[in-house]
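Structure first, commentary second.
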Amino acid sequence: MYDMKALYQAKSVADAVALRLAHPEAQIIAGGSDVLVQMREGKRAGAELISIQTLDEIRGVAMEDDGTIRIGSLTSFSHITRHPVIQRYLAVLGEAVDQVGGPQIRNIGTIGGNTCNGVTSADSASTLFAYDALVELTGPEGIRRIPISAFYLRAGKVDLREGEIQTAILIPRESYEGTHGYYIKYAMRSAMDIATLGTSVNVRLSADKKYVERARVAFGVAGPVPLRAGTAERLAAGREVSMDLAEQFGQAVREDINPRDSWRAAKDFRMHIAVESAKRAFVESVRRGGGDL
């Protein structure tokens, strides 16, 4: 059923790095929700695999001493959605990954696999971009941490260097503290489908809930890699909360996104969805934050 050359089982992160160096063409496998399907389709015939599935040291969610939320790369989507730290401080990420596939996929699929694929449609990606997530990579030179925006190089390609594996996703305290967010996935079907467009917005309101201190908006499938819409973010900063601002915020995303034509949707349709979903996600984020709209 699975045509593979070899399967190596990593016993630790250090062992996984050593196996990567010894077998540079080998594919890392965690949950297997992508790799095994591709192998059954004959797309990876004769592949070498390095399994990191048993490495509990890179699984789970934790709050670090400085308030950074640490999500181990082997953490499943369903675990992220249910974890108390995520529910309290970063509920929008739990809601976003809860829209990946069906229950079986969410139980085995991992946040590391979702981001390391490098695809712009990953349901986790736009929210991680909107929260300035950092990607932790462990390799022969030690630990390297880079912004997620630098991790995505181009469609299907991420910045994984020789011998490296991704070990965690980090959300700094200053990125999530006092914020409320909302994610909208537009797809051809309501379940078990890849996003035609993904939109994640979060806002931080003033103490009196009347002004936007900060707004973030990021998209999946609005370009070859996930991206932020900085024009809309700058437009909203310091402005009074209003439906007019929400409308302007949505229109402003046009300046920074570049959706493409595909069999799933035309470029113009994706642009329309982006404007409307940015507006709606902004409104819901403000409401979740206690603003009156």
Side-chain angles (χ1 to χ4, degrees), residues 61 63 67-69 71 77-100 106 111 122-133 148 169-187 190 195 197-220 222 226-253 273-293:
V61 179
M63 178 76 76
T68 297
I69 296 175
I71 306 172
F77 301 123
S78 56
H79 186 93
I80 291 170
T81 300
R82 295 194 300 265
H83 199 279
V85 168
I86 299 297
Q87 291 178 348
R88 180 175 179 181
Y89 297 104
L90 204 59
V92 60
L93 179 61
E95 293 165 357
V97 300
D98 200 40
Q99 298 185 50
V100 177
R106 293 193 292 272
I111 191 80
D123 285 303
S124 66
S126 55
T127 298
L128 295 175
F129 267 66
Y131 277 96
D132 296 308
I148 195 166
I169 300 289
L170 308 170
I171 314 293
R173 181 175 181 173
E174 59 268 23
S175 295
Y176 70 80
E177 191 171 43
T179 68
H180 294 80
Y182 193 66
Y183 174 73
I184 295 175
K185 176 179 181 176
Y186 185 93
S190 59
L197 190 88
T199 307
S200 188
V201 172
N202 67 79
V203 300
R204 179 183 290 137
L205 299 180
S206 59
D208 62 7
K209 310 299 183 184
K210 293 185 181 297
Y211 294 88
V212 177
E213 287 190 355
R214 190 204 80 180
R216 297 287 185 265
V217 55
F219 293 96
L227 54 84
R228 291 266 289 274
T231 302
E233 295 178 357
R234 291 187 293 271
L235 178 145
R239 296 278 299 277
E240 186 174 1
V241 169
S242 68
M243 288 302 298
D244 183 56
L245 177 59
E247 182 67 38
Q248 292 178 45
F249 183 83
Q251 291 294 333
V253 305
I273 299 168
V275 169
E276 186 62 25
S277 61
K279 172 187 172 182
R280 294 185 186 188
F282 177 84
V283 168
E284 183 59 28
S285 296
V286 168
R287 288 175 175 165
R288 289 183 171 193
D292 185 15
L293 276 177

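All values reported here derive from a predicted model rather than from experimental measurement.
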- Query: Given the rule in the salt bridge (Lys or Arg N to Asp or Glu O under 4.0 Å) test, do Glu284 and Arg288 qualify, once you have shown the distances and angles that lead to the verdict?
  - Reply: CA-CA 6 Å; Glu284 183 59 28; Arg288 289 183 171 193; 3.4 Å; yes
- Are Ile69 and Met63 side-chain neighbours, meaning at least one heavy-atom pair lies under 4.5 Å? yes
- Message: According to ring pair (Phe, Tyr, Trp, His ring centres under 6.0 Å), does anything in residues 274-293 pair up with another residue at least two apart or in another chain? List the pairs.
- Response: Phe249-Phe282
- Query: Side chains of Thr127 and Ser200: do they bring a donor and an acceptor to under 3.5 Å?
  - Reply: yes
- Name all residues meeting the salt bridge (charged side-chain N to carboxylate O under 4.0 Å, His left out) criterion together with Glu177; count only those two or more places apart in sequence or in a different chain, and write none if there are none. Arg173
- Message: Suppose the criterion is side chain to side chain donor-acceptor pair (under 3.5 Å): which pairs have a residue in residues 207-218, not counting sequence neighbours?
- Response: Asn202-Arg214, Ser206-Asp208
- Are side-chain heavy atoms of Leu93 and Ile71 found at a separation under 4.5 Å? yes
- Nearest heavy-atom contact between Gln248 and Asp244 is NE2-OD2, 2.6 Å
- 4.5 Å side-chain heavy-atom contact, Leu90 and Tyr131: yes
- Can you tell if the side chain of Val97 reaches within under 4.5 Å of the side chain of Asp123, non-hydrogen atoms only? no
- Item | Tyr182: partners by ring pair (Phe, Tyr, Trp, His ring centres under 6.0 Å), with sequence neighbours left out | none
- Item | All ring pair (Phe, Tyr, Trp, His ring centres under 6.0 Å) counterparts of His79, not counting sequence neighbours | His83
- Message: Side chains of Val253 and Val275, heavy atoms from C-beta outward: is any pair under 4.5 Å?
- Response: yes
- Message: Looking at Asp292, I'd like to know if its CG atom is crowded, meaning that more than 12 non-hydrogen atoms belonging to other residues, nucleotides or ligands lie closer than 6.0 Å.
- Response: no
- Within-4.5 Å side-chain heavy-atom neighbours: Met243 and Val283: yes
- Item | Sub-4.5 Å side-chain heavy-atom contact between Arg106 and Thr81 | no
- Message: A side-chain contact here means heavy atoms from C-beta on lying under 4.5 Å apart; do Leu245 and Val286 qualify?
- Response: no
- Who pairs with Arg82 by salt bridge (charged side-chain N to carboxylate O under 4.0 Å, His left out), at least two apart in sequence or on another chain? none
